[in-house]
Amino acid sequence: MSTDAITPVFVRLKLSLLRNGLRQSGGRKAAYITSAVFALLFAALQLIGLIALRGHAHAESVVVLAVAVLGLGWAVMPLFFPSGDETLDPTRLVMLPLRPRPLVRALLTASLVGIGPLFTLCLLAGSVIAVARGGAAFAVGAVAVVLALLVCVALARAVAAANVRLLTSRKGRDLAVLSGLVIAIGAQIVNFGAQRIGASGLGELDPAAGILQWVPPASAIGAVHAVSEGSYGLAAAQLALTAGALAALLALWSRHLTRLMTSPDGSTLPGAESAAKERSSAGLARLLPTGRTGTVMERSLRYVWRDPKTKAAWVTSLAIGLIVPVFNAWQGTGSVYFACFAAGMLGIQMYNQFGQDTSAFWIVAMTISSTRDAYVELRARAYALLLITLPYATLVTVLTTAMLGDWRRLPEALGLSFALLGAMLATGAWTSARFPYSIPQEGYKNVAPGQTGLAWISIFGGMMAAALLCAPVIALTIWLNVSADGDAFTWLLLPVGTAYGAALTAAGLKLAAPQTARRLPEILAAVSKG
């Protein structure tokens, strides 16, 4: 087969992977279609909003910043969050006689197939329409859209290829954790910037946009605006900068692919860690309950410490759960209720419990022969999560309250946090049994191909259900705060929220246990997919 024939083969293979993944079950197909509809609906609304900006004095600043944030998202989202881009994993192709350049071309084309590239295309097209004036600007805009889209995809693939072994390497796990912290902090910087814009107007964006218009892929949109203003030399420089960035990214990607496909994985070589660093489990086991409960708790806690992907997810959640309430309190714009973010972020870790085990779940499945076994397994996993979450949520709530000086609301903030945590443990246990998905240990994906929609439905559907389950405690909090004599009884929200959260957890585990016992073969097949 000639090198030119590789590209259509990879595109067909990508479509086949997506199609076959959806054929596995009607529920998975429905989940994928639902998530695709929501993503495309959001893209359409964004397109309409950007078109509505046409003629606005600060339209260029808005679209330049939007495209810059989009490029940043393409760089980091495939590594640390379930991604809609299910591009083929290059490490699966190491035994094929493929040269880097044709392989890069084929993978780049295959990467353009999916919801993520379509969403990006809508945003880029809306950005061009918002700033383009005249036929020349629209002509340059067509080139800019293509260049910006290719830069986004090439950036994601280059970063991913450079980190394929990072999240599965014992040596690289600390760097993965650091990357999670950087992402968490960066997201909050964007959040605080949005708050400032809301208070001061879009003019606050102009200085940042003036810098980012020289940073690809935003420079491509800057070129469209420059042509609209008659600055053709400036536009040519910005387009050349974007094209140069694309060429550099493709060269970097090709270099990493060559290294991946010709070098051994050092993380698998013997002696990577000294035997002196290995710790006995006796110390931890003495602090945990006896029997199956203690064994499962110890296994879950060791996943948090040793598994790179699990550790990165936990540290990111810990960071965001602290940053959101504390930063807002530091700026004087926060509320003690923001402390619920800590419980919410850590509660997410209860979702897809069996997917964390990947193909090793068959060992666990062999020990589950009844609903009682399933209940004890799920309960122990919830206990392990509570061992970290309860003191952490309490600490964040007390710290936020101290920074705001609003000690009167501490009991109700804690009660809401505990109720939310209980609701997320309940829905997480049920969705773990009903919507399990695989977390591939090799490569950079956090969801196996064909399961992305299932993952989004599991996580966000469960979070919405948890919010609805917390409605009674939220309503009671509101009623006590607006009632004339309610302030004297707000302290009751702490025991009420705690008891309510515990009851929800118990009920969720009871409901999830028979689902787990009955659906063991389906769960095993789903989590072993990657």
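Keep in mind that this is a model prediction, so the values were computed, not measured.
In Arg299, the CZ atom is crowded: over 12 heavy atoms of neighbouring residues, nucleotides or ligands sit closer than 6.0 Å. Annotation: Trp407, atom CH2; neighbour count of heavy atoms from other residues, nucleotides and ligands within 6.0 Å is above 12.
Tyr351 and Thr427 share a donor-acceptor pair across their side chains, judged by distance under 3.5 Å alone. Side chains of Gln349 and Ser317: a donor-acceptor N/O pair is present below 3.5 angstrom, by distance only. A donor-acceptor contact under 3.5 angstrom links the side chains of Arg292 and Thr367, judged on distance only.
Residues Val153 and Ser111 share a closest heavy-atom pair of CG1-CB, 3.3 Å. The two residues Ala466 and Ala423 make their nearest non-hydrogen contact at O-CB, 3.6 Å. Across all non-hydrogen atoms, the minimal contact from Ser335 to Leu404 is C-CD1, 3.5 Å. Between Gly462 and Thr431, the shortest heavy-atom contact is CA-CG2, 4.3 Å. Residues Ser438 and Ala526 share a closest heavy-atom pair of CB-O, 3.3 Å. Taking every heavy atom of both residues into account, Ala413 and Cys340 meet most closely at O-SG, 4.2 Å.
With contacts defined as side-chain heavy-atom distances shorter than 4.5 Å, the pair Lys311/Val304 does not qualify. Between Tyr383 and Leu288, the closest side-chain pair of non-hydrogen atoms is not below 4.5 Å. Using a 4.5 Å heavy-atom cutoff, the side chains of Leu410 and Val336 are not in contact. Using a 4.5 Å cut-off on side-chain heavy atoms (C-beta onward), Val473 and Leu416 make contact. Put simply, the side chain of Phe418 reaches to within 4.5 Å of the side chain of Leu390, judged on heavy atoms. In this structure the side chain of Leu108 never reaches within 4.5 angstrom of the side chain of Arg157, judged on heavy atoms. Inter-residue side-chain proximity for Trp253 and Leu107 is flagged as met; some heavy-atom pair is nearer than 4.5 Å. Residues Pro325 and Val396 meet the side-chain proximity criterion, which asks for heavy atoms closer than 4.5 Å.
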Item to check | Audit row: Met350, Met424, side-chain contact (heavy atoms from CB on, under 4.5 Å) steps and yes/no | outcome: CA-CA 7 Å; Met350 187 64 186; Met424 297 196 74; over 6 Å; no
Checklist entry - Yes or no on side-chain contact (heavy atoms from CB on, under 4.5 Å) for Thr477 and Tyr337, after CA distance, side-chain angles and deciding distance? => result CA-CA 11 Å; Thr477 303; Tyr337 301 118; 4.0 Å; yes
Item to check | side-chain contact (heavy atoms from CB on, under 4.5 Å) evaluation trace for Ile388 with Trp314 | outcome: CA-CA 10 Å; Ile388 302 173; Trp314 267 91; 3.7 Å; yes
Item to check | Criterion side-chain contact (heavy atoms from CB on, under 4.5 Å) on Trp305 and Arg302, from CA distance to verdict | outcome: CA-CA 5 Å; Trp305 180 250; Arg302 288 194 178 276; 5.7 Å; no
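For the pair Lys14 (side chain) and Val113 (backbone), a donor-acceptor distance under 3.5 Å is present. Formation of a donor-acceptor pair under 3.5 Å by the Tyr392 side chain with backbone atoms of Leu318 is found in this model. Of the possible polar contacts, none joining the Thr293 side chain to the Pro289 backbone as a donor-acceptor pair under 3.5 Å is found. For Ser370 (side chain) and Asp373 (main-chain N/O), a donor-acceptor pair under 3.5 Å exists by modelled atom type. Between the side chain of Asn352 and the backbone N or O of Tyr437, at least one donor-acceptor pair lies under 3.5 Å.
Taken from CD1 in Ile474 to CG in Leu420, the straight-line distance is 8.0 Å, to the nearest 0.5 Å. Taking CZ of Phe338 as the reference point, atom OG of Ser417 lies at 12.5 Å (rounded to 0.5 Å). Taking CG from Leu378 and OG from Ser432, the interatomic distance works out to 7.0 Å, rounded to the nearest 0.5 Å. Here the CG-CZ distance, from Leu425 to Arg379, works out to 14.0 Å after rounding to the nearest 0.5 Å. Distance check: Thr516 OG1 to Phe354 CZ gives 4.0 Å after rounding to the nearest 0.5 Å. Rounding to the nearest 0.5 angstrom, the gap separating the CD atom in Glu412 from the OG1 atom in Thr397 is 11.5 Å.
In this structure, Glu522 does not pair ionically with Arg519, as no charged nitrogen and carboxylate oxygen lie closer than 4.0 Å.
Considering Ile523, Leu524, Leu520, Asp357 in turn, Asp357 is the only one that fulfils the side chain to side chain contact (heavy atoms under 4.5 Å, CB included) rule with Val364. Checking each of Asn481, Thr401, Thr400 against Arg409 for a side chain to side chain donor-acceptor pair (under 3.5 Å) leaves exactly one that passes, namely Asn481.
Aromatic ring orientation, Phe119 versus Phe42: parallel (interplanar angle below 30°, classes split at 30° and 60°).
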